[in-house]
2 protein chains.
Amino acid sequence: MTAYVSSASPGAPETPPPGEPRWLDAHEQRAWRAWLYSAQLLQDRLDRELTHETGISHAYYEILVALSETEGRMMRMSELADKCLSSRSRLSHAVSRLEERGWVRRQVCAEDGRGQLAVLTDEGFAALEAAAPVHVEGVRTHLFDQLTPEQVENMRDLGETLLRHLDPTTIKALHQAPS
Amino acid sequence: MTAYVSSASPGAPETPPPGEPRWLDAHEQRAWRAWLYSAQLLQDRLDRELTHETGISHAYYEILVALSETEGRMMRMSELADKCLSSRSRLSHAVSRLEERGWVRRQVCAEDGRGQLAVLTDEGFAALEAAAPVHVEGVRTHLFDQLTPEQVENMRDLGETLLRHLDPTTIKALHQAPS
DNA sequence: GCCGAATAGTCAAGCCTTCAACTACGCTAG
DNA sequence: CTAGCGTAGTTGAAGGCTTGACTATTCGGC
């Protein structure tokens, strides 16, 4: 479904000439689709369950968690955006909506007049505390409960390998993560 | 960032009493985040590159591929939605937009008066043929080129394990997939 | 100090997704 | 044959995301 057009390369050479697409063989296709579908379904499922049971989408949840883990429960907008793999614009919109719920407030940054701080309110922290058990149960049920210890180890290895390529700076944050 | 609130369970027992959240330990946290971030970043990257270089989002690409692989390049709307992990409504909107581009057309289903067939046009097939090399190159560069054969095998194993839990019917389609 | 370049964040327009009706058709029982 | 129920698909409104333009502030060289 994703890398192939029916007519392509039934008997392609092992090493296609430069310029020719390097089509996936049957084994690669199967691995790719298994990864793609499972990632999609798992993310959808976790997001849906969390949203329905707590009213907090996974995107919002990540923002609240990121804030809750910092000293003073506050963070610069850009830093927060990076941590949540979000664009500046998207985060700005999201924080506005969280502000309307009373879970976050904005505060001008003392050191840099251009900057804004997003601050987690007590209400926001309470909402996070209420949602966390639901989320962790979802991750347990749909992920860890399904995997052997070896598979968990493989998952970590795979994820970190891809992260090193996709975003070398993110992986550092992983290692020093307080949680 | 995802399953933990800072104050929670620093010295939690090995097996929490029933009802207590089964918090993730440090090792599980790291595996979970590595998986989550890498999945997010990889999907974003592939979608962004495909969209910029071909004007076709990954969601549209999947629809075109699914149609191209069938006999007659046509498929029932519901079947197509299932294959693309999409809701009925979402697919209906997407097909409308693809229709405006002239890449797909709707046709009433002869056997079932309620049904509609989505049919891939020649223009649609040409668009797909143009996009496929871009997509496969992205998957190569950002995924397979980064992994050892063992890691690819682990990825397949992991994905299929999760699929068996999340959606047992999808995995069958994987095995008989023509690509 | 002052000017130009870079950075932080916001905003508006357009596209996409979701949710909840809603239409239309087919199937089965009485 | 027709009433009632289930299925297939569409639609419109509401809200979220992306892109590009815009404002405000800081930094770095002169």
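Chain A is the first sequence line, chain B the second, and so forth, proteins listed ahead of strands; every chain is numbered from 1. Side chains are part of it too, since the values below use all heavy atoms of this structure and drop only hydrogens, waters and symmetry mates.
Note on ring orientation: taking the six-membered ring where Trp is involved, the planes of His165(A) and His142(B) are tilted (angle from 30° to 60°).
A straight line from CE of Met77(B) to P of dA24(C) spans 18 Å, rounded to a whole angstrom. For Ile56(A) and dG16(D), the CD1 to P distance is 14 Å, given to the nearest whole Å. Remark: C1' of dT18(D) and CG of Leu85(A) are 16 Å apart, rounded to the nearest angstrom. Rounding to whole angstrom units, CD of residue Glu100(B) and C1' of dG14(C) are separated by 13 Å. One can place CG of Leu98(B) at 14 Å from P of dC15(C), the figure rounded to the nearest angstrom. The distance from atom CD of Glu99(A) to atom P of dC11(C) is 10 Å, rounded to the nearest whole Å. Between the OH atom of Tyr61(A) and the P atom of dG16(D) there is a distance of 20 Å, given to the nearest Å. Atom CG of Asp47(A) and atom C1' of dT18(C) are 12 Å apart (whole Å).
His58(A) and Asp47(A) get closest at one heavy-atom pair: N-OD1, 2.8 Å.
Residue Arg48(B) qualifies as open at atom CZ: its count of foreign heavy atoms under 6.0 Å is 12 or below.
Once rounded to the nearest 0.5 Å, the distance linking CD of Glu150(A) with CE of Met155(A) reads 13.5 Å.
The nearest heavy atom of DNA chain C to Arg48(A) and to Tyr60(B) marks one nucleotide each, and the one closer to the 5' end goes with Tyr60(B). The nearest heavy atom of DNA chain D to Ala59(A) and to Glu79(B) marks one nucleotide each, and the one closer to the 5' end goes with Glu79(B).
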Q) Would Ile56(B) and Trp103(B) satisfy side chain to side chain contact (heavy atoms under 4.5 Å, CB included), going step by step from the backbone distance to the final call? A) CA-CA 11 Å; Ile56(B) 305 178; Trp103(B) 291 352; 3.8 Å; yes
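Under the 4.5 Å side-chain heavy-atom criterion for ILVMFWY residues, no single connected hydrophobic cluster contains both Leu117(A) and Val95(A).
Between Lys83(B) and Glu79(B) no salt bridge is recorded (no basic side-chain N to carboxylate O distance below 4.0 Å).
Remark: Gln116(B) is not in phosphate contact with dA8(D), judged by side-chain N or O atoms under 4.0 Å from OP1 or OP2. Phosphate proximity of dT18(D) to His52(B): absent, as no side-chain N or O sits under 4.0 Å from OP1 or OP2.
Taking 4.5 Å as the limit, every side-chain heavy atom of Glu62(A) sits out of range of all side-chain heavy atoms of Val65(A).
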For nucleotides 21-27 of chain D, which of its nitrogen or oxygen atoms have a protein nitrogen or oxygen under 3.5 Å away, and what is each distance?
unit_1, atom_1, unit_2, atom_2, d
dT26(D), OP1, Gly113(A), N, 2.9
dT26(D), O4', Arg114(A), NE, 3.4

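For DNA chain C, the residues of residues 87-96 of chain A within the heavy-atom distance limit of 4.0 Å (strictly under) are Arg88(A), Ser89(A), Ser92(A), His93(A), sorted by number.
The residue Arg97(B) sits close to a base: some heavy atom pair falls under 4.0 Å.
Judged by the 6.0 Å distance and 45° axis criteria, Arg73(A) is positioned over the aromatic ring of Phe125(A).
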